[in-house]
Amino acid sequence: MNVLVIGSGGREHAIAWKLSQSSRVSKIFIAPGNAGTTAHGENVPVKADDVDALRSFALKEEIGLTIVGPETALAKGIVDAFQAVGLKIFGPSKQAAEIEGSKVFCKELLLRHNIPTARYESFNEPEKALNYIKTHEPPFVIKADGLAAGKGVAICLTKDEAQRAIVEIMQTKAFGDAGSKIIIEEFLEGEEASFLAITDGKTVIPLPSAQDHKRVFDNDEGPNTGGMGAYSPAPVVTPSLEKAIMSTVMLPVVSAMEAEGRPYKGVLYAGLMIKDGRIKVLEFNCRFGDPETQPILMRLESDFFELIMACVEDRLNQITPVWSDKASVCVVMASKGYPSVDYDKGKLIYGLHKAHAIPDVMIFHAGTAFRDSRAITAGGRVLGVTSLGITIKDAIERAYQAVEKITWEGAHYRKDIGKRAL
Ligand code: AMP
Ligand code: GLY
């Protein structure tokens, strides 16, 4: 069967790599892909959110399954558009994708169904939001309602910072219409964990736990990024906590979406804050996490295509994915300047072959391209160097062994990925 993967990050490289191991997959297309995805299939020069062009391509190439990486196309309704012409596609409908696409919808849903989350107020007028700040005490967590490429959350330790964030989101419109509404949320302390599950709307299969590292510098310092590294499993998610997450968050949310006429299919990604065994939802994403998917898929031993296809065909109840007991660590290497928007591009990358030669290491590409058939940097997050090890400690050592073989001018990465798990 021909399969189409939409996106160009490390997540999509990992998805294409894992699909390539299935005997049922004959050809993989990646739109638009990166230098690394060409090892597993053919890159297609179509943007990841150009729904019409993607649909025409899928019809022309007789694509039997499409897997969507990023949220933008999902929020635009790519699943509805594909299904309308009989194409099979993995992901939530436009209405179901609102769980990520609108923080106000998400919070109201959680409240209506008694699913634990931070207290909040929502605002559609800046004056009222500013007034709220005057009459309450910091810290404040301010979130743009809509999609803001992971940048729509401001943690404000002072009233001044909070006022600036409100002006920037609602009046300067830093994220466009995504900031027409905001929520102001209680600040939660604790340890964060990413919990992903695959669901066909009835059966909910948890994926192994993972933990992201959002800040750019070691010891969680510096600005937020898309994610500087991840590991799986996350020891904070003990077996009993996993049960609790399933019964208090994942299953109730899937039932709630069904009850509200927005049945949810695809990956449901919960960002959670855990404190003293108590779980609160920070947010949902309607897609696989990046970089969490890289270590998670390193640990998948059974057929990924079968798992996804079973979900699309509403027969997840017949599937039991098999996961390795080993640990996996992904270290993200980024361009000079990242996470600011004006990061370096076009730098030659050295050492990929040497790093790749280390056993149990995969170099997942993100912002890379070819110049004269050599890999160059082309994005903020460039590579996700991902290892498998007997223990987390072993996986950390192996990942950094590979990282040290790779260089380009201005490359930077965190030195403490996975440390928290030790
Ligand atoms: P989100 O996009 O909602 O996951 O927010 C981005 C990051 O902001 C999260 O990964 C947390 O680190 C942090 N964050 C979000 N909401 C809260 C909250 N209510 N309290 C503390 N930190 C938060
Ligand atoms: N790693 C965070 C995300 O995928 O949203």
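Because the structure is predicted, anything quoted here is derived from the model rather than measured.
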Novice: Are the side chain of T172 and the backbone N or O of A174 linked by a donor-acceptor pair below 3.5 Å?
Specialist: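 Not at all, since once roles are kept as given, no pair shorter than 3.5 Å links the two residues.
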
Novice: Quick one, V253 and L268 - any side-chain contact, counting heavy atoms below 4.5 Å?
Specialist: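 Yes. Closest side-chain heavy atoms under 4.5 Å.
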
Novice: Can a salt bridge be assigned to the pair D314 and K265 using a cut-off of 4.0 Å between side-chain N and carboxylate O?
Specialist: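 A salt bridge links D314 with K265.
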
Novice: Could you give the distance from CD1 (I63) to CZ (R55), rounded to the nearest 0.5 Å?
Specialist: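 Interatomic distance, I63 CD1 to R55 CZ, rounded to 0.5 Å: 14.5 Å.
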
Novice: Just verifying a value: how many Å separate E258 CD and Y264 OH, rounded to the nearest 0.5 Å?
Specialist: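 One finds 14.0 Å between CD of E258 and OH of Y264.
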
Novice: Using a 4.5 Å cut-off on heavy atoms from C-beta on, say whether the side chain of E292 contacts that of L207.
Specialist: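 When only atoms from C-beta onward are counted, E292 and L207 do not touch, as no gap falls below 4.5 Å.
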
Novice: Counting only N and O atoms by type, is there a donor-acceptor contact under 3.5 Å from the side chain of D276 to the main-chain atoms of R278?
Specialist: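 No, because the side chain of D276 does not come within donor-acceptor range (under 3.5 Å) of the backbone of R278.
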
Novice: For residues C286 and E71, report the shortest heavy-atom separation together with the two atoms involved.
Specialist: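 Where C286 meets E71 most closely, the heavy atoms are SG-CB, 4.2 Å.
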
Novice: Between A256 and L109, which heavy-atom pair has the shortest distance, and what is it?
Specialist: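 Nearest heavy atoms, A256 then L109: CB-CD1, 4.2 Å.
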
Novice: Rounded to the nearest 0.5 Å, what separates atom CG in L383 from atom CD1 in I406?
Specialist: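 Taking CG in L383 and CD1 in I406, the distance rounds to 5.5 Å.
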
Novice: How long is the straight-line distance from CD1 of I279 back to OG1 of T248, given to the nearest 0.5 Å?
Specialist: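 If we round to the nearest 0.5 Å, T248:OG1 and I279:CD1 are 4.0 Å apart.
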
Novice: Ignoring hydrogens, what is the shortest heavy-atom contact between A355 and I363? Give both atom names and the distance.
Specialist: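 Between these two residues, the closest heavy atoms are CB-CD1, 3.8 Å.
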
Novice: For a 4.5 angstrom cut-off between non-hydrogen side-chain atoms, does P70 reach R11?
Specialist: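 Yes - at least one pair of side-chain heavy atoms lies under 4.5 Å apart.
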
Novice: Output yes when a side-chain donor or acceptor of T386 lies under 3.5 Å from a complementary backbone atom of V329, and no otherwise.
Specialist: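 Answer holds: no.
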
Novice: Are more than 12 heavy atoms, taken from residues, nucleotides or ligands other than K202, located less than 6.0 Å from that residue's NZ atom?
Specialist: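 Not more than 12 within 6.0 Å, no.
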
Novice: For a 4.5 angstrom cut-off between non-hydrogen side-chain atoms, does I296 reach W323?
Specialist: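 When only atoms from C-beta onward are counted, W323 and I296 do touch, with a gap below 4.5 Å.
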
Novice: Taking atom types as modelled, find out whether D344 and T377 have a side-chain donor-acceptor pair closer than 3.5 angstrom.
Specialist: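 Note: D344 and T377 side chains miss the donor-acceptor criterion.
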
Novice: Would you name the heavy atoms of K345 and G379 that are closest together and state the gap between them?
Specialist: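 It is CG-N, 4.5 Å.
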
Novice: Any salt bridge linking D49 with K47? Criterion: basic side-chain nitrogen under 4.0 Å from a carboxylate oxygen.
Specialist: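 Salt bridge absent between D49 and K47.
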
Novice: Taking the six-membered ring of F105, is the NZ or CZ of K107 close enough (under 6.0 Å from the centre) and on axis enough (within 45°)?
Specialist: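 Verdict for F105: no cation-pi partner in K107.
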
Novice: State, without any angle test, whether S102 and D145 hold a side-chain donor-acceptor pair at a distance under 3.5 Å.
Specialist: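 Indeed, the side chains of S102 and D145 share at least one donor-acceptor pair under 3.5 Å.
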
Novice: Under 4.5 Å between any side-chain heavy atoms of E192 and D212, yes or no?
Specialist: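 No, every pair of side-chain atoms sits at 4.5 Å or beyond.
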
Novice: Taking all non-hydrogen atoms of both residues, which atom of V237 and which atom of S209 are closest, and how far apart?
Specialist: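 Of all heavy-atom pairs spanning V237 and S209, the closest is CB-CB, 3.7 Å.
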
Novice: Do Y231 and H213 have ring centres separated by under 6.0 Å?
Specialist: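 Yes, ring centres under 6.0 Å apart.
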
Novice: Taking the side chain from S328 and the backbone from S387, do they hold a donor-acceptor pair closer than 3.5 Å?
Specialist: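 Yes; judged by distance alone, with no hydrogens or angles, the pair exists.
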
Novice: For a 4.5 angstrom cut-off between non-hydrogen side-chain atoms, does E100 reach N285?
Specialist: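 The answer is yes, as the side chains (C-beta and beyond) meet within the 4.5 Å cut-off.
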
Novice: Any donor-acceptor pair under 3.5 Å linking the side chain of T368 with the backbone of N34?
Specialist: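 Answer holds: no.
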
Novice: Within this structure, what is the CD-NZ distance for the pair E185 and K280, rounded to the nearest 0.5 Å?
Specialist: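 The distance works out to 10.0 Å.
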
Novice: For a 4.5 angstrom cut-off between non-hydrogen side-chain atoms, does H412 reach V216?
Specialist: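 Contact flag for H412/V216 side chains = yes.
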
Novice: For the backbone of A96 and the side chain of S93, can you confirm whether one donor and one acceptor N or O come within less than 3.5 Å of each other?
Specialist: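 Looks like yes, one N/O pair under 3.5 Å.
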
Novice: May I have the step-by-step check of side-chain contact (heavy atoms from CB on, under 4.5 Å) for L388 and R299, ending in yes or no?
Specialist: CA-CA 8 Å; L388 208 53; R299 297 184 56 212; 4.0 Å; yes

Novice: State whether the number of non-hydrogen atoms from other residues, nucleotides or ligands found under 6.0 Å of R315 atom CZ is greater than 12.
Specialist: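 More than 12 within 6.0 Å, yes.
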
Novice: Find out whether L422 and I396 are in side-chain contact, i.e. whether some heavy atom of one side chain is under 4.5 Å from a heavy atom of the other.
Specialist: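 Contact flag for L422/I396 side chains = yes.
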
Novice: Counting only heavy atoms not in K243, do more than 12 fall under 6.0 Å of its NZ?
Specialist: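 No, NZ of K243 has 12 or fewer neighbouring heavy atoms, counting only those of other groups under 6.0 Å.
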
Novice: Charged N to carboxylate O under 4.0 angstrom, E313 versus K88?
Specialist: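 Answer for the salt bridge query: yes.
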
Novice: Whether K143 and E283 form a salt bridge (side-chain N of Lys/Arg under 4.0 Å from carboxylate O of Asp/Glu) is what I want to check.
Specialist: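 Result for this pair is no, no salt bridge flagged.
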
Novice: Checking the side chain of D50 only, and the main-chain atoms of V46 only, is there a donor and an acceptor separated by less than 3.5 Å?
Specialist: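 Between the backbone of V46 and the side chain of D50 there is no qualifying donor-acceptor contact (under 3.5 Å).
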
Novice: So with a 6.0 Å cut-off around CG of N317, is the heavy-atom count from everything else above 12?
Specialist: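 Result for CG/N317: enclosed.
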
Novice: Hey, are D52 and K76 close enough for a salt bridge, meaning a charged N less than 4.0 Å from a carboxylate O?
Specialist: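 The answer is no: the pair does not qualify as a salt bridge.
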
Novice: In this structure, are over 12 heavy atoms from other groups packed under 6.0 Å from K181 atom NZ?
Specialist: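 Atom NZ in K181 is not packed in, count stays at 12 or less.
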
Novice: Relative to the ring of H13, is the ring of F364 parallel (under 30°), tilted (30 to 60°) or perpendicular (over 60°)?
Specialist: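 Ring orientation of F364 relative to H13: perpendicular.
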
Novice: A quick test of your reading: do over 12 heavy atoms of other residues, nucleotides or ligands sit less than 6.0 Å from NZ of K159?
Specialist: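 More than 12 within 6.0 Å, yes.
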
Novice: How long is the straight-line distance from CZ of F90 back to CZ of F288, given to the nearest 0.5 Å?
Specialist: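 The distance works out to 4.5 Å.
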
Novice: Could you report the tightest heavy-atom contact between T199 and G201, atom names first, then the distance?
Specialist: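 Taking every non-hydrogen atom into account, OG1-N, 2.9 Å.
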
Novice: Mark yes or no for whether R287, through its side chain, and G69, through its backbone, hold a donor-acceptor pair below 3.5 Å.
Specialist: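 Side chain of R287 to backbone of G69: no pair is present.
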
Novice: What do the steps show when you test V382 against Y338 for side-chain contact (heavy atoms from CB on, under 4.5 Å), and what is the final call?
Specialist: CA-CA 10 Å; V382 176; Y338 179 78; over 6 Å; no

Novice: Is the side chain of R262 donor-acceptor paired with the backbone N or O of Q95 at a distance under 3.5 Å, no angle test?
Specialist: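 Judged by distance alone, yes, a pair lies under 3.5 Å.
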
Novice: Under a 4.0 Å N-O cut-off, is there an ion pair linking E260 with R112?
Specialist: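 Salt bridge between E260 and R112, a charged N being under 4.0 Å from a carboxylate O: yes.
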
Novice: Evaluate the criterion side-chain contact (heavy atoms from CB on, under 4.5 Å) for residue pair N224 and R215; output intermediate values, then yes/no.
Specialist: CA-CA 4 Å; N224 261 336; R215 304 299 191 100; 3.3 Å; yes

Novice: Under the criterion side-chain hydrogen bond (donor to acceptor under 3.5 Å, both in side chains), I'd like the reasoning laid out for S335 against K347: C-alpha separation, chi angles, the key distance, then a yes or no.
Specialist: CA-CA 9 Å; S335 292; K347 305 292 177 195; over 6 Å; no

Novice: Using a 3.5 Å distance criterion without hydrogens, assess whether the side chain of D416 forms a donor-acceptor pair with backbone atoms of D218.
Specialist: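 No; zero donor-acceptor contacts below 3.5 Å.
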
Novice: Could you walk me through whether Y400 and I417 pass the side-chain contact (heavy atoms from CB on, under 4.5 Å) check?
Specialist: CA-CA 9 Å; Y400 280 105; I417 302 300; 3.4 Å; yes

